[in-house]
Amino acid sequence: MNAVAALFVATPLAAAAAAPDAPEAQLNVVVVSATRAEHTSFDLPAAIDVVDADRIGAAQPRVNASEALAAVPGLTVQNRQNYAQDLQISSRGFGARSAFGVRGVRLAADGVPATMPDGQGQAATFDLDMAERIEVLRGPLSTLYGNHAGGVIQLFTRDPQGAPFVETNVAGGSDGMRKTDVNAGGKQGSFGWLLDGSRFETDGYRAHSAATRDQAYAKLTFDTSSTGKLTVTAGGLRQDDTQDPLGVTWTTFQRDPRAGEIDATDTQTPKRTLADRYDTHKSIHHQQIGLAWDEKFGTDRLHLTVYGGNRRVIQYQAFSKAFQAPASHSGGVVDFDRDFYGFDANWLMVRPLADGTLRTTVGLEAGKSNDARKGYENYVGTTFGVKGRLRRDEDDDVRDVAPYLQLEWERGAWVFTGGLRHSRVSFDVADHYLSNGNDGGSVDYRHTTPLLGALYKVTPILNVYVSAARGFETPTLNEVFYAGTGGGFNYHLGAATSTQLETGAKALIGPDVRVNAALFQVRTHDELVVDSASGGRTSYRNASATLRQGLELSLDADLHAGFSARVAATLLRAIYDEAFTGVAQGNRLPGVPRTNLFGELAWKASDGWLQAALETVASGNVYPDDANAAMPAPGYAIVNARVQANQALGGWRLREYARVNNVFDRTYVGSVIVGDSNKRYYEPAPGRNWVLGASVHYQF
């Protein structure tokens with residue numbers, strides 16, 4: 001690490017000494033995630049990247065955030081090829097062990113959380129068709145978002161503006177993939193609107209992985225005054241009978257990456273796969289609404305967001321020992337109906353202080369979710385994959401209340417940042433199914449997360465910074481459901497706590513190259529690890545200390561003649577710093593690769609009518625278990641290619657594109673299911689695949 005650190009410091013310093021002053025436009029990448037107010041990312045003591053609309057839609061059907069986020073260092077985003085379980089997202093190793101959905105990383109869209117108060121989130125609710133940008137915040141500053149904020153990913157849809165328009169997008173590709181999207185918008189006077197609706201369908205790359213997703217989004221804006229705006233957003237997601245292919249063993253992956261795992265207990269000939277025998281699938285109905293009001297009072301600003309929604313899920317899981325399930329077993333069918341709501345209110349004050357400027361943000365954030373949750377056996381008699389007897393009936397409440405304070409004092413070449421947040425996360429369970437005992441109860445988690453940071457402007461084109469913070473991560477509701485194999489609720493799980501340190505540099509090398517680099521270290525105590533995982537049911541325990549040390553580097557360059565390049569690289573040493581039962585000191589954290597690399601060489605015609613690019617995505621090997629005893633998913637490198645054409649004819653704008661992913665048809669594991677007790681760890685990624693798309697946009 002010493003040699004790496006020396007290179008990290010020396011490169012931008014040498015470049016800064018040789019480079020002329022950069023254009024002001026290079027500096028003005030404006031973000032809001034780090035301070036909850038508009039701020040240039042170049043002047044923040046934090047690792048933060050912006051993925052703009054061009055990259056989100058770079059010859060993509062805009063279905064999965066994983067395609068756009070691959071270009072962000074420090075972030076690992078895997079498409080499981082399983083729309084029943086959503087993407088697998090981790091930031092500096094936080095969230096890598098999530099069996100489904102997203103944990104360890106906070107998600108939000110237009111200020112409305114896509115992460116519940118317990119820390120479990122769903123990236124599928126992001127409407128990428130309307131996205132203007134995605135901000136990705138990593139490191140110490142993210143802890144000011146509270147529980148599970150190992151990183152923060154925020155999507156912002158574009159604001160309606162200009163004359164009314166209507167747009168249609170169509171796409172099709174490998175494995176029966178097809179998508180249609182229609183959107184419209186505009187602004188007249190003080191009123192603006194955006195409306196979007198889409199349908200995505202796929203037969204799936206893997207056996208038993210078909211999915212249909214209907215999505216809708218609306219955004220209405222009202223200029224309440226010359227300095228105020230009211231924004232209303234509403235979204236809905238519907239996925240009926242989304243097939244779940246499950247993980248497979250290493251032997252099955254080597255035999256046929258598309259195949260499902262055979263159920264050895266099946267009495268039919270030939271034996272069926274687990275997914276087919278149990279008809280594993282999930283239906284999701286999600287809808288939400290949010291209201292945001294911003295008003296400026298001179299140099300001060302008031303922001304208020306309120307939101308609410310409902311999420312209904314029915315999931316059929318696979319259990320090969322259903323008839324021997326203990327009394328505490330809650331069945332193979334999960335059925336819950338969740339209502340959630342909350343608010344975030346903050347006041348920004350800007351005042352002069354000691355020949356500098358002090359910006360103070362005071363806020364209060366609160367959220368609540370309530371689940372009416374039931375569980376059923378997934379068999380009737382000898383027929384599997386159907387809803388059987390009731391095995392679970394309860395109400396689950398989770399609440400999060402957190403006041404916070406953030407300060408930024410800028411004086412001369414220095415920018416100092418400080419913050420404090422106190423979070424209280426409460427779980428309450430009322431058990432109505434008492435034939436197997438009463439699993440009701442409650443548990444509270446409380447933690448204060450302080451933050452300190454400093455940035456120094458060495459020259460107009462070089463900033464260096466350092467920051468430190470404490471963070472915490474409670475179990476999610478799903479992680480307290482089970483205690484060991486077949487056990488009931490686990491109220492003894494503690495929250496993991498972390499100490500994060502980061503130092504970084506941001507440099508502009510001439511007018512055409514920008515480099516961001518960060519060195520970081522995270523020490524965590526009481527890390528939450530998998531205790532047992534089988535048949536879709538995972539229990540957790542607190543383990544020993546862990547250590548994450550890493551380097552992130554990104555480079556954007558204009559190479560002239562229409563060429564540009566992007567490189568995002570991550571080196572991450574993530575290990576258990578102390579031994580515990582069955583796990584040796586120095587073992588690597590499961591689900592976390594040591595290296596990640598994204599590289600892109602792009603070309604764009606001077607008038608913008610044609611553009612093309614080659615992409616490389618590479619990752620190191622990944623262990624699926626804490627003991628590092630199982631076969632690691634091997635590292636891989638794939639190449640993608642894309643081309644896009646654009647035309648403008650009066651009020652019409654046309655776009656056509658083609659993309660080929662995994663050009664050389666590599667066979668590799670895209671993601672792993674950490675700690676699966678049946679050793680079905682591996683989720684294969686597609687071989688060579690393609691997509692063609694076109695859009696028509698008309699502005700009145």
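No hydrogens, no waters, no symmetry mates; every other heavy atom, side chains included, goes into these values. Heads up: numbering here begins at 1 and tracks the sequence.
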Peer 1: For the rings on Phe427 and Tyr445, is their centre-to-centre separation under 6.0 Å?
Peer 2: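 Close enough - the centres of the two rings lie under 6.0 Å apart.
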
Peer 1: Considering all heavy atoms of both residues, which atom of Ser498 and which atom of Val522 are nearest to each other, and what is their separation?
Peer 2: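 Closest approach of Ser498 to Val522: CB-CG1, 3.9 Å.
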
Peer 1: Looking only at the side chains, is there a donor atom on one of Asp676 and Tyr682 sitting less than 3.5 Å from an acceptor on the other?
Peer 2: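 Side chains of Asp676 and Tyr682: no pair found under 3.5 Å.
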
Peer 1: Using a 6.0 Å cut-off, check whether atom NZ of Lys374 has over 12 heavy atoms from anything other than its own residue.
Peer 2: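 Counting other residues, nucleotides and ligands, NZ of Lys374 stays at 12 neighbours or fewer.
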
Peer 1: Any non-hydrogen side-chain atom of Val672 less than 4.5 Å from a side-chain atom of Tyr623?
Peer 2: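 A side-chain contact under 4.5 Å is absent here.
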
Peer 1: Can you tell me how far apart CD (Gln288) and OH (Tyr307) are? Round to the nearest 0.5 Å.
Peer 2: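 Interatomic distance, Gln288 CD to Tyr307 OH, rounded to 0.5 Å: 9.5 Å.
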
Peer 1: What is the distance from atom CE of Met130 to atom OG1 of Thr157, rounded to the nearest 0.5 Å?
Peer 2: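 Answer rounded to 0.5 Å: 8.0 Å.
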
Peer 1: Determine, step by step, whether His281 and Tyr83 satisfy the ring pair (Phe, Tyr, Trp, His ring centres under 6.0 Å) criterion, reporting the C-alpha distance in whole Å, the side-chain angles of both residues, the deciding distance to 0.1 Å, and the verdict.
Peer 2: CA-CA 10 Å; His281 65 276; Tyr83 289 93; over 10 Å; no

Peer 1: Would you call Arg272 and Asp263 a salt bridge, taking side-chain N to carboxylate O under 4.0 Å as the test?
Peer 2: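 Looking at Asp263 together with Arg272, the answer is no, because their closest N to O distance does not fall below 4.0 Å.
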
Peer 1: Measuring from atom CZ of Arg62 to atom CG of Asp129, what distance do you get when rounded to the nearest 0.5 angstrom?
Peer 2: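 Output value for this atom pair is 4.5 Å.
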
Peer 1: Could you pull out the closest heavy-atom pair between Ala495 and Thr474, with the gap in Å?
Peer 2: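 Taking every non-hydrogen atom into account, CB-CA, 4.0 Å.
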
Peer 1: Are Tyr278 and Tyr379, when compared by the centres of their aromatic rings, separated by less than 6.0 Å?
Peer 2: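 No, they do not, as the ring centres are separated by 6.0 Å or more.
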
Peer 1: So, is the end of the Arg277 side chain (NZ or CZ) under 6.0 Å from the ring centre of Phe384 and within 45° of the ring's axis?
Peer 2: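 Flagged: Arg277 positioned over aromatic ring of Phe384.
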
Peer 1: Mind listing the closest non-hydrogen atom pair of Tyr145 and Arg106 along with its distance?
Peer 2: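 Heavy atoms of Tyr145 and Arg106 come nearest at O-NE, 3.7 Å.
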
Peer 1: One pair to check against side chain to side chain contact (heavy atoms under 4.5 Å, CB included): Lys282 and Val334. What are the steps and the verdict?
Peer 2: CA-CA 9 Å; Lys282 180 189 284 187; Val334 176; over 6 Å; no

Peer 1: If the threshold is 4.0 Å, N to carboxylate O, is there a salt bridge linking Arg258 and Asp175?
Peer 2: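 Here Arg258 pairs with Asp175 in a salt bridge, since their nearest N and O are under 4.0 Å apart.
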
Peer 1: Does Arg311 come within less than 4.0 Å of Asp371, counting only side-chain N to carboxylate O?
Peer 2: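 No, no charged N to carboxylate O under 4.0 Å.
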
Peer 1: Do Thr233 and Lys219 pair up side chain to side chain, a donor and an acceptor below 3.5 Å, judged on atom types alone?
Peer 2: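 Thr233 vs Lys219: no donor-acceptor pair found between side chains.
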
Peer 1: Determine the interplanar angle of the Phe580 and Tyr576 rings, folded into 0 to 90°, and report it as parallel if under 30°, tilted if 30 to 60°, perpendicular if over 60°.
Peer 2: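 Perpendicular.
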
Peer 1: Apply the test side-chain hydrogen bond (donor to acceptor under 3.5 Å, both in side chains) to residues His432 and Asp395: give CA-CA distance (whole Å), side-chain angles for both, the deciding distance (0.1 Å), then the verdict.
Peer 2: CA-CA 8 Å; His432 308 302; Asp395 288 322; 3.0 Å; yes

Peer 1: Begin with the C-alpha distance, continue with both residues' side-chain angles, and end with the deciding distance and a verdict on side-chain hydrogen bond (donor to acceptor under 3.5 Å, both in side chains) for His447 and Ser423.
Peer 2: CA-CA 5 Å; His447 201 77; Ser423 298; over 6 Å; no

Peer 1: Compute whether any side-chain donor of one residue and acceptor of the other, for Gln122 and Thr125, lie under 3.5 angstrom apart.
Peer 2: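 On atom types as modelled, these side chains do not qualify, holding no pair under 3.5 Å.
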
Peer 1: Are Asp444 and Arg424 close enough for a salt bridge, meaning some N to O gap below 4.0 Å?
Peer 2: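 Yes, this pair counts.
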
Peer 1: Do the charged groups of Arg421 and Glu365 touch, with an N to O distance under 4.0 Å?
Peer 2: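 Yes, this pair counts.
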
Peer 1: Closest approach of Gln243 and Ser209, non-hydrogen atoms and distance?
Peer 2: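 The answer is OE1-N, 3.2 Å.
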
Peer 1: Can you tell me how far apart OG (Ser91) and CG (Leu69) are? Round to the nearest 0.5 Å.
Peer 2: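 That separation rounds to 11.0 Å.
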
Peer 1: For the residue pair Gln154 / Ser33, report whether a side-chain donor-acceptor contact shorter than 3.5 Å exists.
Peer 2: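 The criterion, which ignores hydrogens and geometry beyond distance, is satisfied for Gln154 and Ser33.
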
Peer 1: Show your reasoning for whether side chain to side chain contact (heavy atoms under 4.5 Å, CB included) applies to Asn82 and Phe100.
Peer 2: CA-CA 10 Å; Asn82 183 347; Phe100 66 93; over 6 Å; no

Peer 1: Evaluate Ile673 against Glu683 for side chain to side chain contact (heavy atoms under 4.5 Å, CB included), listing each step before the verdict.
Peer 2: CA-CA 7 Å; Ile673 302 171; Glu683 296 178 298; 3.7 Å; yes

Peer 1: Under a 4.0 Å N-O cut-off, is there an ion pair linking Asp439 with Arg392?
Peer 2: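 Between Arg392 and Asp439 there is no salt bridge, as every charged N stays at least 4.0 Å from the carboxylate O atoms.
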
Peer 1: Let me confirm one number: the CZ-CD1 distance from Arg138 to Ile153, rounded to the nearest 0.5 Å.
Peer 2: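 Result: 9.5 Å between the selected atoms.
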
Peer 1: Looking at Ser369 and Met116, what are the two nearest heavy atoms and their distance?
Peer 2: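 Heavy atoms only, the tightest pair is CB-SD, 4.3 Å.
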
Peer 1: Could you please spell out the steps behind the salt bridge (charged side-chain N to carboxylate O under 4.0 Å, His left out) verdict for Asp428 and Arg399?
Peer 2: CA-CA 9 Å; Asp428 288 295; Arg399 298 180 303 279; 2.9 Å; yes

Peer 1: Regarding Ser671 and Gln88, do their side chains bring together a donor and an acceptor under 3.5 Å, going by distance alone?
Peer 2: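 No pair is found: no donor N or O on one side chain lies under 3.5 Å from an acceptor on the other.
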
Peer 1: Hydrogens and angles aside, do Asp244 and Gln85 bring a side-chain donor and acceptor to less than 3.5 Å of each other?
Peer 2: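 Distance-only check passes for Asp244 and Gln85.
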
Peer 1: Could you tell me whether the side chains of Tyr433 and Asn438 share a donor-acceptor contact shorter than 3.5 Å?
Peer 2: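 There is no such pair (donor and acceptor under 3.5 Å, judged by atom type) between the side chains of Tyr433 and Asn438.
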
Peer 1: Would you tell me whether His303 and Thr305 have side-chain atoms, one donor and one acceptor, within less than 3.5 Å of each other?
Peer 2: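 Side-chain D/A pair, His303 to Thr305: present.
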
Peer 1: Is a side-chain donor-acceptor pair under 3.5 Å present for His492 with Asn542?
Peer 2: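 Per modelled atom types, Asn542 and His492 side chains form no pair under 3.5 Å.
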
Peer 1: Looking only at the side chains, is there a donor atom on one of Thr252 and Glu261 sitting less than 3.5 Å from an acceptor on the other?
Peer 2: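 Looking only at side-chain atoms, Glu261 and Thr252 do form a donor-acceptor pair, the distance falling under 3.5 Å.
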
Peer 1: Before accepting this row, confirm whether a basic side-chain N of the pair Lys179/Asp181 lies closer than 4.0 Å to the acidic partner's carboxylate O.
Peer 2: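 Salt bridge flag = no for Asp181 with Lys179.
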
Peer 1: Has Lys679 got more than 12 heavy atoms of other residues, nucleotides or ligands less than 6.0 Å from its NZ?
Peer 2: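 Open.
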
Peer 1: Is it true that Tyr217 and Asp110 share a donor-acceptor pair across their side chains at a distance under 3.5 Å?
Peer 2: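 Yes, side-chain donor-acceptor contact under 3.5 Å.
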
Peer 1: When you look at Asp396 and Asn370, which way does the side-chain hydrogen bond (donor to acceptor under 3.5 Å, both in side chains) test go after all the steps?
Peer 2: CA-CA 6 Å; Asp396 306 320; Asn370 172 263; over 6 Å; no

Peer 1: Do Asn310 and His285 have side chains that get closer than 4.5 Å, going by heavy atoms?
Peer 2: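 No. Closest side-chain heavy atoms not under 4.5 Å.
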
Peer 1: Testing the basics here: between His208 and Asp279, what is the closest heavy-atom pair and its distance to 0.1 Å?
Peer 2: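 In this case the closest contact between His208 and Asp279 is CE1-OD1, 3.6 Å.
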
Peer 1: Has Tyr341 got more than 12 heavy atoms of other residues, nucleotides or ligands less than 6.0 Å from its OH?
Peer 2: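 At most 12 heavy atoms, drawn from other residues, nucleotides or ligands, come within 6.0 Å of this atom.
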
Peer 1: Looking only at side chains, do Arg103 and Gln120 share a donor and an acceptor under 3.5 Å apart?
Peer 2: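 There is no such pair (donor and acceptor under 3.5 Å, judged by atom type) between the side chains of Arg103 and Gln120.
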
Peer 1: How long is the straight-line distance from CE of Met631 back to OG1 of Thr251, given to the nearest 0.5 Å?
Peer 2: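 Thr251 OG1 to Met631 CE: 9.5 Å, rounded to 0.5 Å.
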
Peer 1: With no hydrogens and no angle check, just 3.5 Å: does a side-chain donor-acceptor pair link Asn587 and Asp626?
Peer 2: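 Note: Asn587 and Asp626 side chains miss the donor-acceptor criterion.
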
